[in-house]
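Structure first, then comments.
Being a predicted model, the structure only gives us computed values, none of them experimental.
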Amino acid sequence: SLIDEILVPPDFGMIRESFKPLHQKLPAAFPVPFVIHIEEAHGQPEGQANIEKLLSYFRRTHGLKTVFLEGAWRKLDPEALHFFDDADLNMKFLAELNRMGLAGGVELDLAAAASAKQGSARETLPVVWGAEDLALYKKNLEQFREVYANKAEAGLFLKKLRTKISGEVARIFNPELRAFFKEWAFWEEIADQRFAGLERLMKDAVSYLKVDLSDPAEQYDWPQLVRFFRLKALEKEGDRTDGSEQFEEKKLKTWLEEKQLTDFFRDFDSVLRPASSSRVSDVRTQLETFYAVAVPRGFRFEEYPCLTRLTGISILSSEIQAEDLLRETAKLRGMILDKLASSREEQNTVKRYREYLLLKKLFALEMTREEYQQLDGGWHSAGNSEVKTPFSALHSSPGLQAAFSAALSFYKTATAREQIIFDKTLRKMRLLKESNAILVTGGFHSGGIAELFRRNGVSYIRVSPRITKPENP
C-alpha cells in the first residue's frame with residue numbers, strides 16, 4: 001500500500017506518526033482511504049516554504065494532487081494567485097506574502113505549479129479543496145477578533161502579573177533558585193534568545209538533575225538536546241583540523257572505484273553537500289546502507305577521521321528539529337525549577353509563573369492542544385483553590401473574565417471544526433473516487449484529527465515541515 005512507500009526528504013520535513021488500521025471500518029465498496037496530514041507552520045516562512053516542497057514532492061513521486069486545506073471552504077482558484085504576468089515576479093511577491101504570514105505553502109505550491117503548467121503540458125496541477133464549514137469558520141473568526149479587541153486589557157493584566165511574580169521571586173526564592181530563575185525566566189518571550197545559553201543549561205542539568213547531555217545514553221529522554229550538544233562538539237573539533245577533507249575524499253573515491261562501489265560516492269556527496277543534492281532517504285539510513293556493504297570489504301571509518309566527523313555533523317544536523325529542541329529545553333528548565341523550589345511558597349510562585357506563561361499564550365492564541373486542555377482544567381478548578389493563582393484573579397475581574405472566556409471559546413470552536421474538516425475531506429474523497437489525498441492543517445488540530453482517523457479506520461501519516469529557525473508568529 002502507498003503508506004508503506006512514503007519517504008520524506010529530510011531537508012523538507014519528517015514523519016511524526018503513522019497509522020494503518022487492522023480492520024476495514026468503512027463500507028467495503030470504498031477502499032481504505034490514506035491521508036498524508038501535513039502540519040501547517042503558521043507564521044513560519046521557512047516551514048511554509050518546506051510545505052510547498054513537500055506538496056510538490058508528493059505530487060511528482062506518488063501522483064498525490066488532491067489537497068484539502070484548513071481555513072478554506074471551497075475549491076482554490078489558481079488565477080486568484082496570479083498577480084503579475086512575469087512568473088518570477090509573481091513568485092517573489094508570493095514569497096513576500098509568505099514572509100508576512102499572508103500566504104502559505106499550499107498557495108505557493110499551487111501558484112508555482114500553475115506557472116509551470118503554462119510551460120509544460122506534462123505538469124500536473126494540484127487541486128486544492130477547502131475543508132471548512134463557512135459558518136463555523138466565520139464564528140471562529142469573530143471569536144478571534146473578540147480576543148484581539150481585549151488585547152490591551154489582557155496585556156496590562158499580564159504586565160502586572162509579571163511584575164508581581166518578579167517581586168515574589170526577589171522576596172521568597174532561595175539564592176540558588178533565584179539565580180536560576182533570573183537567568184532563565186521569561187526566556188520564551190524573547191524570540192532571539194530561545195536557543196541562547198544552552199551550554200549553561202547543560203551544566204545546570206548535571207549539577208541539579210545528574211543528567212549528562214553529552215552521554216549518548218541520555219538520548220532516549222533527551223534526543224534533541226543530546227544531538228545538539230554532540231553536534232556542537234563535532235563542530236568545535238573542526239576548528240582544529242588541518243584541511244584534510246579533500247585528501248580523504250580523494251582516498252575514499254579511489255577505494256570505492258577499486259571495490260566497484262562508485263554509486264555510493266554520490267551518497268557521500270549528498271551527505272557532505274546537502275544543499276546541492278535532493279536526497280530522499282535520511283542521512284543515517286544512507287550511511288547505514290553503505291556501512292553494511294563496505295565494512296565486509298575492508299572499509300574502516302577510523303581511516304577517514306575528517307569525513308567521519310563531517311558525516312556525523314550532517315547526520316545530526318538533519319535530525320535536529322527546532323520545535324522539538326525548544327520543547328525539550330523548556331521541559332528541562334521546568335524540571336530544574338521544580339528541583340530547586342523546595343518550600344511551599346517557592347512552589348506556589350513557580351506555579352503562578354507557569355500559569356502566567358499559559359495565559360500569555362492564550363491571549364496571543366498560540367497554545368498547543370495540550371496547553372489548552374491544561375488551562376481549561378486550571379480555570380475551572382481555580383475558584384475552589386486555596387492558593388491564589390492568575391486564574392483566581394481572572395474570576396474577580398469581569399473585563400478579564402470576558403477576554404479569557406472569548407479566548408477559551410475560540411479554542412473550543414477550533415476543536416469543533418476538526419469533525420467538519422474530517423467529514424468534508426472523507427466525503428469529497430469518496431465523491432472524487434480518490435483513495436489517497438493530502439490534508440494541511442495547523443499543528444493544534446493534529447491530535448484531534450489523528451483521533452478521528454484512528455476511530456474511523458483511516459490510514460494516515462503525519463508530517464511536519466522542517467524548521468531550523470523558529471520565528472515569533
Side-chain angles (χ1 to χ4, degrees), residues 2-3 13 16-17 19 25-26 30-43 47-48 51-52 54-56 58-59 62-78 80-81 101-111 113 125-144 365 369 410-465:
L2 183 57
I3 189 172
R16 295 283 188 177
E17 181 185 13
F19 170 76
K25 292 188 177 182
L26 294 169
F30 185 66
V32 175
F34 168 57
V35 178
I36 297 178
H37 184 192
I38 299 178
E39 295 178 313
E40 186 161 19
H42 294 311
Q48 295 291 354
I51 288 175
E52 176 194 0
L54 285 167
L55 292 170
S56 176
F58 289 136
R59 190 166 60 254
H62 300 291
L64 293 170
K65 61 183 179 63
T66 303
V67 180
F68 295 90
L69 179 63
E70 174 200 0
W73 50 91
R74 60 187 178 190
K75 186 178 179 181
L76 268 64
D77 183 2
L81 302 170
L102 299 175
V106 175
E107 291 88 347
L108 292 173
D109 176 61
L110 184 58
L125 197 65
V127 182
V128 181
W129 302 92
E132 299 275 9
D133 172 75
L134 178 57
L136 193 59
Y137 187 75
K138 287 175 72 174
K139 177 183 177 181
N140 217 181
L141 182 60
E142 289 302 318
Q143 292 166 334
F144 175 89
L365 301 180
R369 189 183 200 84
F410 169 86
Y411 279 102
K412 288 179 180 177
T413 303
T415 302
R417 284 169 42 217
E418 292 164 3
Q419 183 69 56
I420 300 294
I421 290 171
F422 173 82
D423 289 342
K424 284 193 71 172
T425 297
L426 268 291
R427 186 164 59 247
K428 194 68 178 180
M429 287 177 69
R430 204 173 280 121
L431 286 172
L432 295 171
K433 293 183 170 55
E434 290 275 9
S435 57
N436 306 311
I438 296 172
L439 172 64
V440 182
T441 75
F444 175 84
H445 300 291
S446 295
I449 290 176
E451 184 180 342
L452 289 167
F453 282 149
R454 288 173 176 270
R455 192 190 310 156
N456 291 277
V458 176
S459 296
Y460 74 92
I461 64 170
R462 179 167 58 89
V463 178
S464 61

TODO: Classify the side-chain pair E17/Y460 by whether it contains a donor and acceptor separated by less than 3.5 Å.
DONE: yes
TODO: Would you please name every residue forming a side-chain contact (heavy atoms from CB on, under 4.5 Å) with L134, sequence neighbours left out?
DONE: W73, K138
Open item on the list: Are T66 and M429 packed together at the side-chain level, in the sense that at least one heavy-atom pair is separated by less than 4.5 angstrom?
Closed with: no
TODO: Search all heavy atoms of S459 against all heavy atoms of I3 and return the closest pair with its distance.
DONE: CB-CD1, 4.2 Å
TODO: Rounded to the nearest 0.5 Å, what's the gap from CG on L64 to CZ on R59? Could you check?
DONE: 10.0 Å
TODO: Hey, could you give me the CD1/CD1 distance between I51 and I38, rounded to the nearest 0.5 Å?
DONE: 6.5 Å
TODO: Mind listing the closest non-hydrogen atom pair of P126 and A113 along with its distance?
DONE: CD-CB, 3.4 Å
- [ ] Would you mind reporting whether F19 and V458 have side-chain heavy atoms less than 4.5 Å apart?
- [x] no
Open item on the list: Among residues at least two apart in sequence or on other chains, which ones pass side-chain hydrogen bond (donor to acceptor under 3.5 Å, both in side chains) with D423?
Closed with: Q419
Task: Worked verdict on T415 versus F444 for side chain to side chain contact (heavy atoms under 4.5 Å, CB included) - done: CA-CA 9 Å; T415 302; F444 175 84; 3.9 Å; yes
Task: Within-4.5 Å side-chain heavy-atom neighbours: N140 and F410 - done: yes
Open item on the list: Around atom NZ of K424, are there more than 12 heavy atoms from other residues, nucleotides or ligands closer than 6.0 Å?
Closed with: yes
Task: Derivation and outcome, side chain to side chain contact (heavy atoms under 4.5 Å, CB included), residues T425 and I449 - done: CA-CA 11 Å; T425 297; I449 290 176; over 6 Å; no
Open item on the list: Could you go through F68 and V35, starting from their C-alpha distance and side-chain angles, then the distance that decides it, and tell me whether this counts as side chain to side chain contact (heavy atoms under 4.5 Å, CB included)?
Closed with: CA-CA 10 Å; F68 295 90; V35 178; over 6 Å; no
Open item on the list: What I'd like to find out is whether the side chain of I461 reaches to under 4.5 Å of the side chain of H37, using heavy atoms alone.
Closed with: no
Open item on the list: Using the side-chain hydrogen bond (donor to acceptor under 3.5 Å, both in side chains) criterion, which residues pair with E107? Sequence neighbours excluded.
Closed with: none
Open item on the list: Listing request: all salt bridge (charged side-chain N to carboxylate O under 4.0 Å, His left out) pairs with a residue in residues 435-448, at least two apart in sequence or in separate chains.
Closed with: none
Open item on the list: If I take atom CZ from residue R417 and atom OG1 from residue T413, how far apart are they, to the nearest 0.5 angstrom?
Closed with: 8.5 Å
- [ ] Using the test side-chain hydrogen bond (donor to acceptor under 3.5 Å, both in side chains), find all partners of R369 that sit at least two apart in sequence or belong to another chain.
- [x] E418
- [ ] Considering non-hydrogen atoms only, spot the tightest contact between E39 and S464 and give its length.
- [x] OE1-CB, 3.3 Å
Task: Residues forming a side-chain contact (heavy atoms from CB on, under 4.5 Å) with E52, sequence neighbours excluded - done: M91, L108, D109, A112
Task: CD-OH distance between E142 and Y137, expressed to the nearest 0.5 angstrom - done: 12.0 Å
TODO: Please tell me if the side chains of L54 and I36 come closer than 4.5 Å, counting only heavy atoms from C-beta onward.
DONE: no
- [ ] Check whether any side-chain heavy atom of K75 sits under 4.5 Å from a side-chain heavy atom of K428, and report yes or no.
- [x] no
TODO: Supply the atom-to-atom distance E70 CD to H445 NE2, rounded to the nearest 0.5 angstrom.
DONE: 3.5 Å
- [ ] Measure the spacing between CZ of R74 and CG of L76 and express it to the nearest 0.5 Å.
- [x] 9.0 Å
